Amino acid sequence: MTLKKQSILVAGGGSTFTPGIIMMLLENLEIFPIRQIKFYDNDEERQKQIADAVEIVLKERAPEIEFLATTDPETAFTDIDFVMAHIRVGKYAMREQDEKIPLKYGVIGQETCGPGGISYGMRSIGGVLELIDYMEQYSPNAWMLNYSNPAAIVAEATRKIRPNSKIINICDMPVGIEHRMAEILGLKSRKEMTVRYYGLNHFGWWTDIRDKDGNDLMPAIKKHVAEHGYVTPGELEGTPGEDIEPSWMHTYGKAKETFALDPNTLPNTYLKYYLFPQDEAEKANPEYTRANEVMDHREKQVFSECNRIANIKTAEDAKLVTDDHASYIVDLARAIAYNTRERMLLIVPNNGAIANFDPTAMVEIPCIVGSNGPEMINQGEIPRFQKGLMEQQVAVEKLVVEAWEEESYQKLWQALTVSKIVPNARVARQILDDLIVANKGYWPELK
């Protein structure tokens with residue numbers, strides 16, 4: 001059977017992750033054929049640097065694919081099957097503010113967790129809703145596969161404000177950890193594992209991991225994590241490999257302490273921010289945060305390589321590589337386009353999948369994906385420890401979305417106060433007032 005060729009729009013064409021998505025799409029053309037790729041971004045100069053290189057890559061490796069980069073919504077969103085959205089409203093300059101402002105008050109600043117995630121969420125909601133509206137206006141049958149951060153807040157906003165939209169919110173962090181689990185076990189791929197997992201985005205636990213023959217893999221992974229966290233055997237031996245920033249190595253190692261709180265499950269690495277916030281704040285450098293690390297490392301590497309390709313006008317020796325989350329998004333698009341019934345972790349309305357949890361919460365759980373979208377896999381009841389933590393965090397996410405909708409200072413102050421990362425309401429208010437100044441023009445005017 002000949003597979004229908006797809007038309008793809010990458011919303012956030014100027015992202016450092018865009019080249020990785022393109023490389024992954026090219027690697028999968030036999031199982032996910034493409035007739036057209038478009039880029040859309042509101043920063044024409046930034047997008048052009050990525051697009052000029054990608055255009056050369058496509059001409060050399062898949063000349064049959066039409067390519068266009070634009071800042072015009074109608075041009076971008078017309079005749080599209082999938083919107084792959086990864087926008088960053090305010091770019092890394094605003095991420096830097098998200099991280100550094102809380103640190104003034106001894107509170108960790110992080111892209112998706114606590115005050116930093118709340119600040120970023122208030123910027124992202126409007127941007128993602130705008131993309132949905134463009135898609136529905138110009139390509140009403142298209143699907144949006146969204147991994148714009150902070151995914152939890154964005155997912156709650158789309159559930160509440162655009163409840164009938166064809167949007168699926170995803171995150172690559174569990175995928176990245178599962179790659180490490182596979183390496184710990186000596187498996188070739190994470191796809192050799194079938195997992196059970198529940199939680200919120202960047203806030204979840206694996207409860208069962210099996211190989212394709214049904215053998216329980218949890219004991220072996222738990223033994224390793226109890227001793228080393230998610231640092232792989234190769235990294236422990238000092239084997240040269242992927243160039244990983246020091247902050248990530250700390251994160252993978254910290255999973256050892258997080259795991260100790262509940263040895264019956266395996267934790268998402270982001271739980272360290274909620275369970276050990278003081279440790280993270282003390283370790284952080286208020287002058288040089290993760291945003292600075294990304295700008296000095298990934299951003300420079302990607303743009304330098306794209307500019308080099310554009311200047312020499314060939315991608316023959318291109319050093320652009322695929323990303324973990326790029327493979328995940330291709331699997332998701334294939335599942336919808338060709339009804340492959342892929343099992344994937346997605347962020348979806350609970351609707352009883354976790355029996356003893358808020359049915360309106362956006363939870364991250366395994367789903368079977370086909371042409372009608374995701375079907376949730378029931379996770380049953382969850383323990384009190386996880387349930388209590390999740391209820392607190394869901395309250396934060398819902399209060400942020402209500403604050404955005406109602407332009408409410410009070411509700412945003414409440415959201416910050418409820419966050420497990422913030423020590424008290426006074427500090428919450430001090431951080432909020434500074435964030436309001438920094439986000440002028442990005443947030444709604446709060447009353």
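For clarity, every value in this text was computed on a predicted model and none was experimentally measured. Computed from heavy atoms alone, side chains included, the values below leave out hydrogens, waters and symmetry copies.
The pair Glu183-Arg180 does not count as a salt bridge, with every side-chain nitrogen at least 4.0 angstrom from each carboxylate oxygen. Under 4.0 Å is where a charged nitrogen must lie from a carboxylate oxygen, and between Glu375 and Arg341 at least one such pair does. A salt bridge does not link Glu156 to Lys160: none of the charged nitrogens lies less than 4.0 Å from a carboxylate oxygen. Look at Lys411 and Glu406 and you find a salt bridge, because one of the NZ, NE, NH1 or NH2 atoms lies within 4.0 Å of a carboxylate O, short of that distance.
Note on ring orientation: taking the six-membered ring where Trp is involved, the planes of Trp248 and Tyr270 are perpendicular (angle over 60°, cut-offs 30° and 60°). Between His86 and Phe17, the ring-plane angle classifies as tilted under the 30° and 60° cut-offs. Below 30°, between 30° and 60°, or above 60°: for Phe32 and Tyr338 the angle between ring planes is above 60°, a perpendicular geometry.
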- [ ] Apply the test salt bridge (charged side-chain N to carboxylate O under 4.0 Å, His left out) to residues Glu227 and Lys256: give CA-CA distance (whole Å), side-chain angles for both, the deciding distance (0.1 Å), then the verdict.
- [x] CA-CA 7 Å; Glu227 296 175 16; Lys256 172 182 173 179; over 6 Å; no
- [ ] Evaluate the criterion salt bridge (charged side-chain N to carboxylate O under 4.0 Å, His left out) for residue pair Glu111 and Arg88; output intermediate values, then yes/no.
- [x] CA-CA 11 Å; Glu111 179 186 24; Arg88 181 180 292 278; 2.6 Å; yes
TODO: Evaluate the side chain to side chain contact (heavy atoms under 4.5 Å, CB included) criterion for residues Thr251 and Tyr230: first the C-alpha distance (whole Å), next the side-chain angles of each, then the deciding distance (0.1 Å), finally the verdict.
DONE: CA-CA 8 Å; Thr251 293; Tyr230 291 121; over 6 Å; no
Open item on the list: Is there a salt bridge (charged side-chain N to carboxylate O under 4.0 Å, His left out) between Arg35 and Asp79? Walk through the geometry before answering.
Closed with: CA-CA 11 Å; Arg35 62 181 173 86; Asp79 184 28; 2.7 Å; yes
Open item on the list: Is there a side chain to side chain contact (heavy atoms under 4.5 Å, CB included) between Met390 and Tyr198? Walk through the geometry before answering.
Closed with: CA-CA 10 Å; Met390 286 167 59; Tyr198 67 81; 4.1 Å; yes
TODO: Run the numbers on Glu391 and Arg384 for salt bridge (charged side-chain N to carboxylate O under 4.0 Å, His left out), then give the verdict.
DONE: CA-CA 10 Å; Glu391 283 175 339; Arg384 190 178 302 280; over 6 Å; no
- [ ] Go through the steps for Ile184 and His228 under the test side chain to side chain contact (heavy atoms under 4.5 Å, CB included), then give the verdict.
- [x] CA-CA 10 Å; Ile184 288 164; His228 309 294; over 6 Å; no
Open item on the list: Run Ser119 and Gln97 through side-chain hydrogen bond (donor to acceptor under 3.5 Å, both in side chains) and show every step you take.
Closed with: CA-CA 9 Å; Ser119 175; Gln97 295 300 307; over 6 Å; no
Task: Audit row: Ile421, Cys113, side chain to side chain contact (heavy atoms under 4.5 Å, CB included) steps and yes/no - done: CA-CA 8 Å; Ile421 290 171; Cys113 306; 3.7 Å; yes
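Side-chain atoms of Asn268 and Tyr197 form a donor-acceptor pair, as typed in the model, at a separation below 3.5 Å. Thr269 and Lys254 share no side-chain donor-acceptor pair at under 3.5 Å. If you check the side chains of Ser7 and Lys38, you find no donor sitting under 3.5 Å from an acceptor. Donor-acceptor pairing under 3.5 Å is lacking for the side chains of His179 and Ser189. If you check the side chains of Gln393 and His202, you find no donor sitting under 3.5 Å from an acceptor. Under the 3.5 Å distance criterion, with hydrogens and angles disregarded, no donor-acceptor pair is assigned to the side chains of Ser304 and Asn307. Side-chain contact of Asn42 with Thr71: a donor-acceptor pair under 3.5 Å is absent, judged by distance alone. Side chain to side chain, Asn146 and Ser148 meet the donor-acceptor criterion of an N or O pair below 3.5 Å. Between the side chains of Glu299 and Thr16, not a single donor N or O lies within less than 3.5 Å of an accepting N or O. For Trp206 and Glu178, the side-chain atoms include at least one donor-acceptor pair closer than 3.5 Å. Residues Asn215 and Arg210 have side chains that never bring a donor and an acceptor to within less than 3.5 angstrom of each other.
You'll find the ring centres of Phe67 and Phe39 inside the 6.0 Å limit.
Judged by distance alone, the side chain of Glu60 and the main-chain N or O of Ala315 form a donor-acceptor pair under 3.5 Å. Under a 3.5 Å cut-off, the side chain of Thr18 and the backbone N or O of Gly14 do not form any donor-acceptor pair. Judged by distance alone, with hydrogens and angles left aside, the side-chain atoms of Asn350 form a donor-acceptor pair with the main-chain N or O of Ala353 at under 3.5 Å.
With a 6.0 Å cutoff to the six-membered ring centre and a 45° limit on the axis angle, Arg95 does not count as a cation-pi contact of Tyr120.
Residue Lys420 comes nearest to Pro277 through the heavy atom pair O-CG, 4.4 Å, listed as atom of the first residue, atom of the second, then distance. Across Ala51 and Ala69, no two heavy atoms sit closer than the pair CB-CB, 3.7 Å. Summarising the geometry of Pro349 relative to Met376, their closest heavy-atom pair is O-CE, 3.2 Å, with the distance given to 0.1 Å. Scanning all heavy atoms of the two residues, the minimum distance from Ile309 to Ile56 falls at O-CD1, 3.5 Å. When all heavy atoms of Arg196 and Ile377 are compared, the pair lying nearest together is NH1-CG2, 3.9 Å. Met122 and Pro444 get closest at one heavy-atom pair: CE-CD, 4.0 Å.
Side-chain contact between Gln386 and Asp262 is present, with at least one heavy-atom pair separated by less than 4.5 Å. Considering only heavy atoms from C-beta on, Trp404 comes within 4.5 Å of Leu129 through its side chain. Side-chain contact between Ile50 and Asp52 is absent, with no heavy-atom pair separated by less than 4.5 Å.
The CG atom of Asp208 lies 11.5 Å from the CE atom of Met193; values are rounded to the nearest 0.5 Å.
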